Amino acid sequence: MNGSSNKGSQTATGLESAFPGAPALALTFVTVGAAYAFPLLLFTQNHPLNGPISPEILNLNLLVAWMGLAHFVFAYFGQAKSLLPPRAPSVLPLFFCGSLGIAGVLLALFRKLAGSVLFDAVIWVYFIPHFIKAELYFRRASQSEIEARGVVLYWFPALGFAYFTAALFAPLTVSFNTEILLAGAAICILAGVKGGILRQLAAPGYSTYSLLGFFFVGEGLVWGTYSKFMTPQFRHGLYVFHIAVASFYHYFRSYAFALRRLPPAQIRSYLNLIVLVNLTLIVIGCWVAWHPDWRWPQPFLGLSFFTFWVGLHLVSSDIFTALKKYSATHF
């Protein structure tokens, strides 16, 4: 019996080493498809984004936003709780909260000055390094030999996504002159090679994340060229699809990581809490989406403001990491 159990543990560990995010990715694929094909609208017909955005993509985008808010709730709670190690002063959580307040003001100012379109683009590019940092953190928890190998692992995929974004939304002149797209792709790849991205491709623990940058550059060439045949709805839908896959995967991966660290007796109750918080925010979000004329809840649950909360979450994660390092070296 013990031999069989040990064999099962070794098999599970092998699968975890091969690709630890496989269950989260499988759930992501199903969720994205189901959200897109859901036959009922999660918003009223006169929603201001219904039309500029196709109904299917608006449904998907709203679910990404509402489930994202649930993810942020758990993330903030976990970060604040983690800043209370036995020997650390209680001022760290207060400093964390104060830093979030300042960051929120600065983000709101940047959004107002830059405009929502540029702000959104910057935030989603900023999300890519956050995504990779989180992945490596989750993997290090179960594979102690995994260590980051240079900042190129973070900025090259972000550069690739920035290129993909620019190519997709560039003026049609660019799609009719593909030499411009090729030149941009060459600059991105040369920057990555100069930064050492080829070494990451040969490293078992990093090749997946390194390939993201090349994937985005390739997609930028494909969709930038094809852009001349797209409607605005298709172009926006294609972009949201990428955001949805990355976002849902990040949510599910985070929850799975948290559940694995709990004692077995607490897993079911915490899983129920995750489901409850997500369903509650989806229900409240639908209620707000069916009343787009209600202005007061829009900054919290309106789709147009979701990237602000994404940006605050990204900044909070960087602040949290810095505070954890400070706490580890000083207390």
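Keep in mind that what you see is a predicted model, and the values were worked out from it rather than measured.
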What heavy-atom pair brings Leu301 and Gly285 nearest, and what distance separates the two atoms?
CD2-CA, 4.4 Å
Side chain of Glu56, backbone of Ala37: donor and acceptor closer than 3.5 Å?
no
Could you go through the side chain to side chain contact (heavy atoms under 4.5 Å, CB included) check for Leu262 and Leu259 one step at a time?
CA-CA 5 Å; Leu262 291 175; Leu259 290 169; 4.2 Å; yes
Can any side-chain N or O of Tyr249 pair as donor or acceptor with the backbone N or O of Phe29 at less than 3.5 Å?
no
Identify whether Leu63 and Phe38 are in the same connected component of the hydrophobic contact network (ILVMFWY, side-chain heavy atoms under 4.5 Å).
yes
Following the transitive rule for hydrophobic clusters with a side-chain heavy-atom cut-off under 4.5 Å over Ile, Leu, Val, Met, Phe, Trp and Tyr, establish whether Phe306 and Trp287 coincide in one cluster.
yes
How many angstroms lie between CH2 in Trp66 and CG in Leu42, if you round to the nearest 0.5 Å?
5.0 Å
Main-chain N/O of Ile57 paired to Asn61 side chain as donor or acceptor, under 3.5 Å:
no
Which heavy-atom pair separates Ser210 from Leu201 by the least distance, and what is that distance?
CB-CD2, 3.7 Å
How long is the gap from OG1 on Thr225 to CZ on Phe176, to the nearest 0.5 Å?
11.0 Å
Test item: Val288 and Phe300 side chains (from C-beta on) under 4.5 Å apart, heavy atoms:
no
Steps toward side chain to side chain contact (heavy atoms under 4.5 Å, CB included) verdict (Val240, Tyr36):
CA-CA 11 Å; Val240 170; Tyr36 187 86; over 6 Å; no
With no hydrogens and no angle check, do the side chains of Asp318 and Tyr126 hold a donor and an acceptor under 3.5 Å apart?
yes
Sequence neighbours left out, what passes side-chain contact (heavy atoms from CB on, under 4.5 Å) with Val125? Give chain and number order.
Ala158, Phe161, Ala162
Output side-chain donor-acceptor pairs under 3.5 Å for residues 99-119, partner residues at least two apart or in another chain, one line each.
| unit_1 | atom_1 | unit_2 | atom_2 | d |
| --- | --- | --- | --- | --- |
| Ser99 | OG | Phe95 | O | 2.8 |
| Arg111 | NH2 | Ser304 | O | 2.9 |

Can the ring centres of Phe214 and Phe156 be said to be less than 6.0 Å apart?
yes
The criterion is side-chain hydrogen bond (donor to acceptor under 3.5 Å, both in side chains); which residues satisfy it with Ser227, sequence neighbours excluded?
Arg235
On a heavy-atom basis, which atom in Leu323 and which in Phe96 lie closest, and how many Å separate them?
CD1-CB, 3.8 Å
So, do Met230 and Leu168 sit near enough that their side-chain heavy atoms are less than 4.5 Å apart?
yes
Donor-acceptor pair, Trp309 side chain versus Pro299 backbone, under 3.5 Å?
yes
May I ask whether Tyr163 and Ile189 are part of the same hydrophobic cluster, defined by side-chain heavy atoms of I, L, V, M, F, W, Y residues being less than 4.5 angstrom apart, directly or through others?
yes
How many angstroms lie between atom OG of Ser54 and atom CG of Leu49, to the nearest 0.5 angstrom?
11.5 Å
Test of understanding: with side-chain hydrogen bond (donor to acceptor under 3.5 Å, both in side chains), list the residues that count as partners of Asn50, not counting sequence neighbours.
Gln45
Nearest atoms (heavy-atom pairs only) where His250 meets His130
NE2-NE2, 3.2 Å
Correct closest heavy-atom pair for Gly220 and Leu181 would be O-CD2, 4.4 Å
Could you check whether any side-chain N or O of Tyr209 sits under 3.5 Å from a backbone N or O of Lys133, counting only pairs where one atom can act as donor and the other as acceptor?
no
With sequence neighbours left out, what residues match Ala80 under side-chain contact (heavy atoms from CB on, under 4.5 Å)?
none
Taken in chain and number order and not counting sequence neighbours, the residues that satisfy ring-ring contact (aromatic ring centres under 6.0 Å, His included) with Tyr270 are Phe74
Centre-to-centre under 6.0 Å for Trp124 and Phe127, is that the case here?
yes
Compute the centroid of each ring, for Phe229 and then for Phe234, and state whether the two points are separated by less than 6.0 Å.
no
To the nearest 0.5 Å, what is the distance between CG (Asp120) and OH (Tyr239)?
8.0 Å
So, does Asn59 use its side chain to make a donor-acceptor pair with the main chain of Leu40 at under 3.5 Å?
yes
If every non-hydrogen atom of Ile132 is compared with every non-hydrogen atom of Pro157, which pair is closest and at what distance?
CD1-CG, 3.4 Å
Evaluate side chain to side chain contact (heavy atoms under 4.5 Å, CB included) for Leu41 paired with His47, printing each intermediate quantity in order.
CA-CA 11 Å; Leu41 297 182; His47 193 283; over 6 Å; no
Going only through I, L, V, M, F, W and Y residues with side-chain contacts under 4.5 Å, is there a path from Leu25 to Ile243?
yes
Leu279, Val73: one ILVMFWY side-chain cluster at the under-4.5 Å cut-off?
no
Any heavy-atom pair between the side chains of Phe252 and Pro23 that's under 4.5 Å?
no
Kindly indicate whether the side chain of Cys286, heavy atoms from C-beta on, has any atom under 4.5 Å from the side chain of Val283.
no
For the CZ atom on Phe241, are there more than 12 heavy atoms of other groups (residues, nucleotides or ligands in this structure) within a distance under 6.0 Å?
no
Does any N or O in the side chain of Ser247 come within less than 3.5 Å of the main-chain N or O of Ala244, such that one atom is a donor and the other an acceptor?
no
When rounded to the nearest 0.5 angstrom, what is the spacing between CZ in Phe169 and CG in Leu238?
8.0 Å
With rounding to the nearest 0.5 Å, note down the distance linking CD1 in Ile128 to CG in Leu159.
11.5 Å
I'd like to know whether Tyr251 forms a side chain to side chain contact (heavy atoms under 4.5 Å, CB included) with Asn278, so could you lay out the CA-CA distance, the side-chain angles of the two residues, the decisive distance to 0.1 Å, and finally the verdict.
CA-CA 11 Å; Tyr251 305 159; Asn278 275 271; over 6 Å; no
